[in-house]
Structures are given as structure tokens and as C-alpha cells.
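Structure first, then comments.
FYI, side chains are in, hydrogens and waters are out, and symmetry mates aren't considered; it's all heavy atoms of this structure. Each chain gets a letter, A, B and so on, in the order its sequence line appears, and its residues count up from 1.
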Number of protein chains: 2
Amino acid sequence: MTGNTRFAASVHMLAYLAYRAGAAVPSAEIAASVDTNPVVIRRLLSALVKARLVNATKGANGGFTLASTPQNISLRDVYRAVEPQPQRGLDHFAPNHKCPVGAKISNILQGVYVKAQAGMEAELARVSLADVHEQLRPVCTGKH
Amino acid sequence: MTGNTRFAASVHMLAYLAYRAGAAVPSAEIAASVDTNPVVIRRLLSALVKARLVNATKGANGGFTLASTPQNISLRDVYRAVEPQPQRGLDHFAPNHKCPVGAKISNILQGVYVKAQAGMEAELARVSLADVHEQLRPVCTGKH
DNA sequence: CTTAATGTAACTAGAGGTGTTACTCTTTCC
DNA sequence: GGAAAGAGTAACACCTCTAGTTACATTAAG
């Protein structure tokens, strides 16, 4: 997984929206749960809106809601929405092409990174937001 | 995958050692292929020595060699040797525990990260250094 | 018109990683 | 025994990236 907190924070945000059961939730409230600045929350949610995982409503009484049921949102969808450059490590790798190994290793590694990424995403695809929500269930008393 | 070049550079180094067919290779030569500073190479190789993937020989005529056959070295071994903190993103994630969602989400995400990591490592385990070396074959003429 | 909200820009600070310089220690060879 | 060639490691500077922050424009409801 990448070293930043975007994926973790995004799953948290979506789990919070699921927990709020359809209400339009303002970014300040989500930020209080994640314990960060609301602008950070809006930036991440912006990417999730673009990925059609979340809907945004502007104006007074505005806020965010899930764009689909928790069952229909996989953690792979979330990951892809907030990690646009998962292969940055390989992108920064620039071997010496005058060396016969250096000349070919990047293409070989490209294949390796793609497979590793696919393995990781396959596992994330098997987990939905509903699964996450289910594990939160003991706290979702239905009244807020 | 993480955002740094350690894994890519390490696979490159090991492939280079395989390409050199058992000779003790000094870090300066490997560095020329990777196109970086020899000290960077020695730092990475130090981790690979600790993981018993590589042997180091000090002194004049010293250098590095593979500690095992390319067949016996999987890319999962390499990944684990050079990425001591693959879950740094989750480690930095610190939600508000006063919120019921925030109180439980880290443990849930821990399970998600472990599964995702296992999926990625399962793919890496299926690729050996021999496979990488095989893809380099058209340049490994046997004479150097 | 006020209030509550999103959206976005721009800046700063900090973490992490690479590159670099410098040095010690080890080993071989003459 | 001293020179040379090598590993091992420390410490520092610089760069990249991300999160946190401030500020403001825009949107929408009441």
C-alpha cells in the first residue's frame, strides 16, 4: 500500500456516511470523526465524487452522501479513486540504459508492478463498504 | 506498491548479480547499471545481506554475490527485505476515537491492509529472480 | 440578505527518501 | 608493511510529496 493516509481516510469517510444512513453530512462533521481539517476532507471527497462513489450537495444544508449502496461500493473502487499514481516508485526509477540489464529491467519491472498491483486490488475488490459497515454494527444503534 | 524506488532498484541489483553469473561485483559497478551513487547501492544491499539474499565480501577484490540460486529468490523475499514499513499509510492514520466510527475503523482497516498486502505479496511470491533473469536472456550472451 | 455549505488556490511545515561527502575498517597484493 | 580496492556507516543537504492551514469565490436554503 502507499505511504499516505488517503485510502484509510477515504474508507473512514465512506464508512461514516454509511453510518449516517443517507443524511447529507457536511465536511466539518466528517472531519471531526477523521480528526483532520475539513479542507483535507473536501479534497478527498472531490476525488470520490469524480469517481461517482459520493454525491455532493452545495449550499446551506448541503453535504455529502453515498452515491450507491454500501454493498455496491468495493474498496478497490475507493483505492482507485484516491490513488492516481500507485506506481510512482517505478516511475522514479531511471536505470542506465547503456547497461544491457538497465536497458530492459524497467519493462520487466513494469510487468511485476502491474501483477502485484492486481493482486492487491483483487483482495480489495472482495471487500465492500457493507463489509466494513457490518464490522461497525455494534456501534450503529440506528439512532444518532 | 510503495512510492520509493527501493524495490525496483533491489530487483535490478539482484538481476545484475544474476547476469554476472556468480562473480563478486563491487558496488560501483552495480551503481553504474542502476545509475545512482554506490553508497545508495551499499545501503540497499546491506538490507539484502541481512535478509540472506546476498553475500558481501569485504576488502580488495571484494563485492557482492547472490546468496542463493535465482530460482530460490522470490520477489516477495526482496520486497520484504527492503520495505520494512509497508503499512506506513495506516500507521499515520489517527482518527478521533471519541467518534464511534473513529473508534473502530483503525482495527477494521488493519485487516483490510493485511489482506491487500497479502494479495500483493502472493503475486510477488510467484515471480522468482530466475523469471526476471529469463526475460533478460536476449542480452545475457554468456560472455561479458 | 444572512447563513451554511462546497470547491479550490496557494502557501507552509514535516516526513521520507535519495544523493553526497567523509571516514573507518577489512582484505588482498606487491 | 604499506598501498590499493573494497564494504559499512554516519551525517548532512536537497528534493518530493502530503497534510494542514488560510483565504476566498460560489452555491443554495431560509
Side-chain angles (χ1 to χ4, degrees), chain A residues 1-10 12-13 17 20 23-32 34-51 54-65 67 82-96, chain B residues 1-10 12-13 17 20 23-32 34-51 54-65 67 82-96:
Chain A
M1 305 290 286
T2 62
N4 64 54
T5 57
R6 289 202 295 273
F7 176 68
S10 297
H12 184 159
M13 296 190 302
L17 293 180
R20 291 287 265 101
V25 187
S27 54
E29 182 180 333
I30 303 172
V34 180
D35 199 22
T36 189
N37 193 286
V39 178
V40 175
I41 296 298
R42 291 200 286 272
R43 275 201 306 247
L44 276 178
L45 282 167
S46 173
L48 295 170
V49 167
K50 284 191 181 108
V54 153
N55 288 327
T57 309
K58 287 178 174 178
N61 295 343
F64 295 90
T65 54
V82 300
E83 287 302 347
Q85 270 189 290
Q87 292 188 342
R88 175 175 282 117
L90 188 56
D91 294 340
H92 285 341
F93 180 62
N96 177 9
Chain B
M1 305 291 285
T2 61
N4 64 54
T5 58
R6 288 202 295 271
F7 177 67
S10 297
H12 183 158
M13 297 189 302
L17 293 180
R20 291 285 267 103
V25 188
S27 53
E29 184 179 330
I30 304 172
V34 180
D35 200 20
T36 188
N37 194 286
V39 178
V40 175
I41 296 299
R42 292 200 287 271
R43 276 201 305 245
L44 274 179
L45 282 167
S46 174
L48 295 171
V49 168
K50 284 191 180 107
V54 155
N55 287 326
T57 309
K58 289 177 173 178
N61 295 342
F64 295 90
T65 54
V82 298
E83 289 301 348
Q85 272 190 290
Q87 292 188 343
R88 179 176 279 112
L90 189 57
D91 294 341
H92 285 340
F93 181 61
N96 176 9

Within a strict 4.5 Å, meaning less than it, do heavy atoms of the A:Thr65 and A:Thr57 side chains meet?
no
Using whole Å, report how far CG of B:Asn4 lies from C1' of D:dC15.
14 Å
Are A:Met13 and A:Val54 packed together at the side-chain level, in the sense that at least one heavy-atom pair is separated by less than 4.5 angstrom?
no
Protein-proximity profile, nucleotides 22-30 of chain C, B/S/- by nucleotide at the 4.0 Å heavy-atom cutoff, equals B---BBBS-
Side chain of B:Arg88, heavy atoms from C-beta onward: which of C:dG17, C:dT6, C:dT18 has the nearest atom to it?
C:dG17
Check whether any side-chain N or O of B:His92 sits under 4.0 Å from OP1 or OP2 of C:dG16, and answer yes or no.
yes
Let me know the distance between CD of B:Gln87 and C1' of C:dG16, rounded to the nearest Å.
17 Å
Could you state the atom-to-atom distance from CG of A:Leu44 to P of D:dA19 in whole Å?
7 Å
Do A:Gln85 and A:Asp91 have side-chain heavy atoms sitting under 4.5 Å apart?
yes
Whole angstroms only, please: what is the CE-P distance between B:Met1 and C:dG16?
19 Å
In the structure I gave you, are the side-chain heavy atoms of B:Phe93 and A:Val34 within less than 4.5 Å of one another anywhere?
yes
Which nucleotide in the set C:dG7, D:dA19, C:dG16 lies at the smallest distance from any side-chain heavy atom of A:Ala56?
C:dG7
What residues form a salt bridge (Lys or Arg N to Asp or Glu O under 4.0 Å) with A:Arg6, not counting sequence neighbours?
A:Glu83
Along DNA chain D (nearest heavy atom to each residue), the more 5'-positioned of B:Lys50 and A:Arg43
B:Lys50
Do B:Arg6 and C:dG16 have a side chain to base donor-acceptor pair shorter than 3.5 Å?
no
Quick one: is A:Thr36 getting a side-chain N or O under 4.0 Å of the D:dA19 phosphate, OP1 or OP2?
no
Report the distance from atom CD of A:Glu83 to atom C1' of D:dA19, rounded to the nearest whole Å.
14 Å
Check the phosphate of D:dA19 against A:Thr5, side-chain N and O only, distance under 4.0 Å to OP1 or OP2. Yes or no?
yes
Please compare B:Val25 and A:Gln85 by the position of their nearest nucleotide in DNA chain D and report the one closer to 5'.
B:Val25
In whole angstroms, the gap separating C1' of D:dA11 from CG of B:Asn37 amounts to 14 Å
In whole angstroms, how far is the P atom of D:dA7 from the CD atom of B:Glu29?
10 Å
So B:Arg42 and B:Ser46, do their side chains get closer than 4.5 Å, heavy atoms only?
no
Please name the pair of heavy atoms, one in A:Asn96 and one in B:Ala32, separated by the smallest distance, quoted to 0.1 Å.
ND2-O, 3.0 Å
Examine D:dG8: is either OP1 or OP2 under 4.0 Å from a nitrogen or oxygen in the side chain of B:Ser46? Give yes or no.
no
Distance in angstrom units between B:Phe93 CZ and D:dA19 C1', rounded:
13 Å
Quick check: on DNA chain C, is the nucleotide nearest B:Asp35 upstream (toward 5') of the one nearest A:Val49, or the reverse? Name the residue that is more 5'.
A:Val49
Any side-chain heavy-atom pair of B:Ile30 and B:Leu45 under 4.5 Å
yes
When all nucleic acid strands are considered with a 4.0 Å heavy-atom cut-off, which category describes B:Gly3: base, sugar-phosphate, or nothing?
nothing
